[in-house]
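Numbering of ligands and ligand atoms starts at 1, following listing order. Counting begins at 1 with the first residue of the sequence. Just so you know, these numbers come straight off a predicted model, no measurement behind them.
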Amino acid sequence: MNFSILTIFPEYFDVLKSGLIGKAIESHKFTVDIVNIRDFSQDKHLKTDDYPYGGGAGMVMTPDPLVRAIEGTDPEHKAKRIYLSPKGKTLNQNVVESLAKENNLLLVCGSYEGIDERVIELCIDEEISIGDYVLTGGELPALVLLNTVARYVDGVLGSSESTSEESFSNNLLEYPQYTRPAEYRGLKVPDVLLNGNHAEINKWRQEQSLKITKERRPDLLKWI
Ligand code: 4HQ
């Protein structure tokens, strides 16, 4: 899997050097190419934005450097080209699983009031939102999307943290987890987890998952 990320704030992506994702990139499980949109500006001041036609607050990213960056990065249109935007389809685990089947994802991060609509019309395959709130740019959404999809790339997760056993993969929220000590500040780990009976433990965990899902996210139980 190859990710290309187009942004005017490449420093945002230094975070990809850390943690599980950093390790996975270092060991060539997938690639990430951070592309600075400004490098494709032909303006003498390397401008990437301009005033909105029709007036109004803020600036809009101009089409030319952006389209040149997209076509320069993905000349044969091998990638699924995604624009991160609150107008897009909301990201969820089903969307993540379907994106994880792609070999190449190109993520366009817009800043300010967004990008010229014609870039979307000419170059973008899909718009994706990470939720109903407003950010200053598409960089954090791109990082969220990359992080969620990367978990499905072979070798990124160890067997103990695989994608098959957690919240959402069974359409339920996770049961509570405990580790040592068996008693902490007067609070005991449930006895069932200490007795080594795995049939009973699995039954308890399933009941806990169902209980917390009913309480907190009854909308997730519509399929039952
Ligand atoms: N923005 N999910 C505005 C978002 C966003 C979101 C990205 C802010 C695009 C122009 N993107 N820019 N929520 O709030 O994806």
Side chain proximity check, [X] to [Y], heavy atoms < 4.5 angstrom:
X      : Y      : result
Leu172 : Leu220 : no
Leu221 : Lys214 : yes
Met1   : Val149 : yes
Leu84  : Leu135 : no
Tyr175 : Ile212 : no
Leu146 : Phe30  : yes

Contacting atoms of ligand 1, where contact means under 4.0 angstrom from a heavy atom of [X]:
X      : value
Gly131 : 13 (N)
Gly137 : 7 (C)
Leu84  : 7 (C), 9 (C), 11 (N), 15 (O)
Val134 : 14 (O)
Tyr83  : 10 (C)
Gly138 : 7 (C)

Next item on the list: Check whether any heavy atom of Asp132 sits under 4.0 Å from an atom of ligand 1.
Entry: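 Outside the 4.0 Å threshold, so no.
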What protein heavy atom is closest to [atom], reported as residue, atom name and distance in Å?
atom                    : answer
atom 12 (N) of ligand 1 : Gly110 O, 3.9 Å
atom 3 (C) of ligand 1  : Leu135 O, 3.9 Å
atom 13 (N) of ligand 1 : Tyr133 O, 3.0 Å

Checklist line | Gly114, Ser85, Pro86: member with heavy atom nearest to atom 4 (C) of ligand 1 | finding: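 Minimum heavy-atom distance to atom 4 (C) of ligand 1 goes to Pro86.
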Checklist line | Minimum non-hydrogen distance to atom 2 (N) of ligand 1, winning option of Ile130, Ile128, Ile82 | finding: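 Ranked by closest heavy atom to atom 2 (N) of ligand 1, first place is Ile130.
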Next item on the list: Carefully, step by step, assess Arg205 and Leu193 under the rule side chain to side chain contact (heavy atoms under 4.5 Å, CB included).
Entry: CA-CA 9 Å; Arg205 285 178 166 171; Leu193 299 177; 4.3 Å; yes
Next item on the list: Using atom types as modelled and distance alone, determine if a side-chain donor or acceptor of Asp116 lies under 3.5 Å from a backbone N or O of Thr62.
Entry: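 The answer is no, because no donor-acceptor pair under 3.5 Å joins these two groups.
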Next item on the list: Measure across Ile8 and Met61 and return the closest heavy-atom pair with its distance rounded to 0.1 Å.
Entry: CG2-CE, 4.0 Å
Check: Has ligand 1 got any nitrogen or oxygen that is less than 3.5 angstrom from a nitrogen or oxygen of Ser111?
Finding: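 No - when backbone and side-chain N and O of Ser111 are compared with those of ligand 1, no distance drops under 3.5 Å.
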